[in-house]
Amino acid sequence: MRVPLYPQRVFPRSPGKKEYEVSTKVKIVYNKLNTIRNNAKVALRVKQLQPQRIDCIPEIYIPKYLGTRSDFVYFLRGLFNEPETGSTIQRLTGEYCLGCTDTGAVIYWQIDGQTRVRTGKVMRYNPQTGKRLKNGCNAVDWMHARLKREGVLSDEWELSQCLFGEHLLKGRPEDTVCLVESEKSALIGSGVMPGYVWLATGGKQNLKTEKCECLKGRNIILFPDLGAFDVWKEKGEAIAQRVGFTLSVSDTLERISTPEDRRDGLDIADYMIKTIKTKN
């Protein structure tokens with residue numbers, strides 16, 4: 001048998017009608033997915049370029065609810081052994097613009113660096129122990145939610161939180177900032193060590209980059225609650241690098257805590273309260 005000088009070309013079998021229809025449908029679906037993906041990327045870039053909308057509560061509600069008759073302020077008065085007109089009580093309630101409801105709940109207003117009122121957290125405390133009253137569905141309320149229920153704010157109003165005490169930064173540009181989890185800790189810390197600016201995230205999960213943008217160029221001391229040291233240290237260091245501030249993470253509680261303290265998840269305020277009561 002003669003061997004051909006050149007290899008024969010093998011032509012693929014022409015697709016049948018059904019195979020052609022399936023192939024065409026696959027291409028159509030693929031092209032649609034690509035279009036959707038590209039549109040999503042464009043929309044994301046546009047959104048990133050647009051300034052974030054910040055909805056605020058009218059400033060008139062600060063003086064409307066301003067007051068020192070809350071259960072929490074009553075606790076502070078006993079803790080610092082001062083009357084309502086005492087210097088520490090007046091400073092704390094004035095600087096942090098503490099509010100009060102007609103039921104004795106304290107209002108922790110969140111005011112940003114541009115003095116925009118983002119919201120207010122409404123909480124109840126035992127006036128003797130300073131412990132939160134957590135029983136019931138209304139253990140924590142929000143001023144923006146209340147104003148929505150009253151029809152003052154529209155349903156389209158969107159919450160955008162900031163650090164509690166952020167408005168104090170502008171007036172104290174050189175002071176070291178102490179960042180804690182709870183508003184209660186920030187207030188007690190400021191009462192004990194007023195040389196620092198005490199701010200609060202308002203929750204363990206609220207240590208976020210967008211909230212900490214206001215700390216750029218500052219010296220920050222982070223005080224994690226017991227049980228949150230590793231998580232806050234890792235998150236804090238990452239945020240400090242992204243935003244650009246100097247960070248120290250306090251391990252004081254980790255060193256002095258007992259197993260019972262860890263079980264109860266104590267924070268820096270609990271130790272300050274113990275120290276103050278021991279001195280008294």
note = Tightest non-hydrogen contact, residues D267 and L253, listed as C-CD1, 3.7 Å

key: Residue pair L207, C212: steps toward the side chain to side chain contact (heavy atoms under 4.5 Å, CB included) verdict   = CA-CA 8 Å; L207 181 59; C212 295; 4.0 Å; yes

ask   = Between R146 and D141, is the closest basic N to carboxylate O distance under 4.0 Å?
value = yes

key: Within 6.0 Å of CZ in F245, more than 12 heavy atoms from elsewhere   = yes

message = Please check if the number of heavy atoms outside E237 that lie under 6.0 Å from its CD is greater than 12.
response = yes

query = So how far is it from I276 CD1 to L79 CG, rounded to the nearest 0.5 Å?
reply = 4.0 Å

inquiry  = When you measure from the centre of the six-membered ring of Y61, is the NZ or CZ of K64 closer than 6.0 Å and no more than 45° off the axis?
reply    = no

message = With rounding to the nearest 0.5 angstrom, report the CD1 to OG1 distance, I220 to T176.
response = 8.0 Å

inquiry  = Would the distance check show the side chain of T101 and the main-chain N or O of A105 forming a donor-acceptor pair, the cut-off being under 3.5 Å?
reply    = yes

query = Are more than 12 heavy atoms from other residues, nucleotides or ligands located less than 6.0 Å from atom NZ of K235?
reply = yes

task = State, with a plain yes or no, whether a side-chain heavy atom of V249 is found less than 4.5 Å away from one of W232.
result = no

query = So do E84 and Y74 actually touch side chain to side chain, heavy atoms under 4.5 Å?
reply = no

task = Begin with the C-alpha distance, continue with both residues' side-chain angles, and end with the deciding distance and a verdict on side chain to side chain contact (heavy atoms under 4.5 Å, CB included) for W142 and K148.
result = CA-CA 10 Å; W142 296 89; K148 277 189 175 184; over 6 Å; no

message = Using only atom types and a distance under 3.5 Å, with no angle test, would you say the side chain of R91 pairs donor to acceptor with the backbone of G86?
response = no

query = For atom CD of E174, is the number of surrounding heavy atoms from other residues, nucleotides or ligands below 6.0 Å larger than 12?
reply = no

key: Distance in Å, I62 CD1 paired with W109 CH2, rounded so as to fall on 0.5 Å steps   = 5.0 Å

query = Heavy-atom count around E59 CD within 6.0 Å, excluding the residue itself: above 12?
reply = no

query = For the residue pair Y108 and F164, is the inter-centroid distance of their aromatic rings smaller than 6.0 Å?
reply = yes

N/O donor-acceptor pair under 3.5 Å between K121 side chain and G202 backbone = yes

request  = Answer yes or no: does atom OH of Y196 have more than 12 heavy-atom neighbours from other residues, nucleotides or ligands under 6.0 Å?
outcome  = no

query = Are side-chain heavy atoms of C214 and L169 found at a separation under 4.5 Å?
reply = yes

Backbone of E158 reached by a side-chain donor or acceptor of D55 within 3.5 Å = yes

Test item: T278 side-chain N/O and K274 main-chain N/O as donor-acceptor pair under 3.5 Å = yes

ask   = Heavy-atom distance under 4.5 Å between the side chains of D270 and K131, does that happen here?
value = yes

key: Non-hydrogen atoms of E166 and C162 that approach each other most closely   = OE1-CB, 3.2 Å

inquiry  = Using 0.5 Å steps for rounding, measure from the NE2 atom of H167 to the SG atom of C97.
reply    = 4.5 Å

inquiry  = Please find the pair of heavy atoms, one from F80 and one from I188, that lie closest to each other, and give the distance.
reply    = CZ-O, 4.1 Å

ask   = Can you name the closest pair of heavy atoms from P58 and L153 and give their distance?
value = CD-CD2, 4.3 Å

request  = Would you give the length of the straight line joining atom CG of L187 to atom CG of L98, rounded to the nearest 0.5 angstrom?
outcome  = 5.5 Å

query = Less than 4.5 Å apart, any side-chain heavy atom of M272 and any of T275?
reply = no

query = Any side-chain heavy-atom pair from I239 and R242 closer than 4.5 angstrom?
reply = yes

key: Greater than 12 external heavy atoms within 6.0 Å of K170's NZ   = no

ask   = Side-chain contact, heavy-atom cut-off 4.5 Å: R118 with I54?
value = yes

inquiry  = With side-chain hydrogen bond (donor to acceptor under 3.5 Å, both in side chains) as the criterion, how do R77 and T68 come out once you've worked through the C-alpha distance, each side chain's angles and the decisive distance to 0.1 Å?
reply    = CA-CA 10 Å; R77 289 170 53 192; T68 57; over 6 Å; no

Sidechain-backbone polar pair: R69 side chain, D102 backbone, donor-acceptor under 3.5 Å = no

message = Pair T93, L76 - check side chain to side chain contact (heavy atoms under 4.5 Å, CB included), show working.
response = CA-CA 10 Å; T93 56; L76 289 180; 5.7 Å; no

ask   = Which heavy-atom pair separates S185 from V180 by the least distance, and what is that distance?
value = CB-CG2, 3.8 Å

key: Donor-acceptor contact present, side-chain E181 to main-chain D225, <3.5 Å   = no

ask   = Minimum heavy-atom separation for N126 to F75, with atom names?
value = O-CB, 4.4 Å

Spacing of I268 atom CD1 and I273 atom CD1 [to the nearest 0.5 Å] = 10.5 Å

ask   = Y96 and E183: side chain to side chain contact (heavy atoms under 4.5 Å, CB included), yes or no, with the steps?
value = CA-CA 10 Å; Y96 290 90; E183 296 87 351; over 6 Å; no

query = With under 30° as parallel and over 60° as perpendicular, where do the rings of W198 and F223 fit, or are they tilted in between?
reply = parallel

inquiry  = Angle between ring planes, W157 versus H144, binned at 30° and 60°: parallel, tilted or perpendicular?
reply    = parallel

ask   = Are K184 and F72 side-chain neighbours, meaning at least one heavy-atom pair lies under 4.5 Å?
value = yes

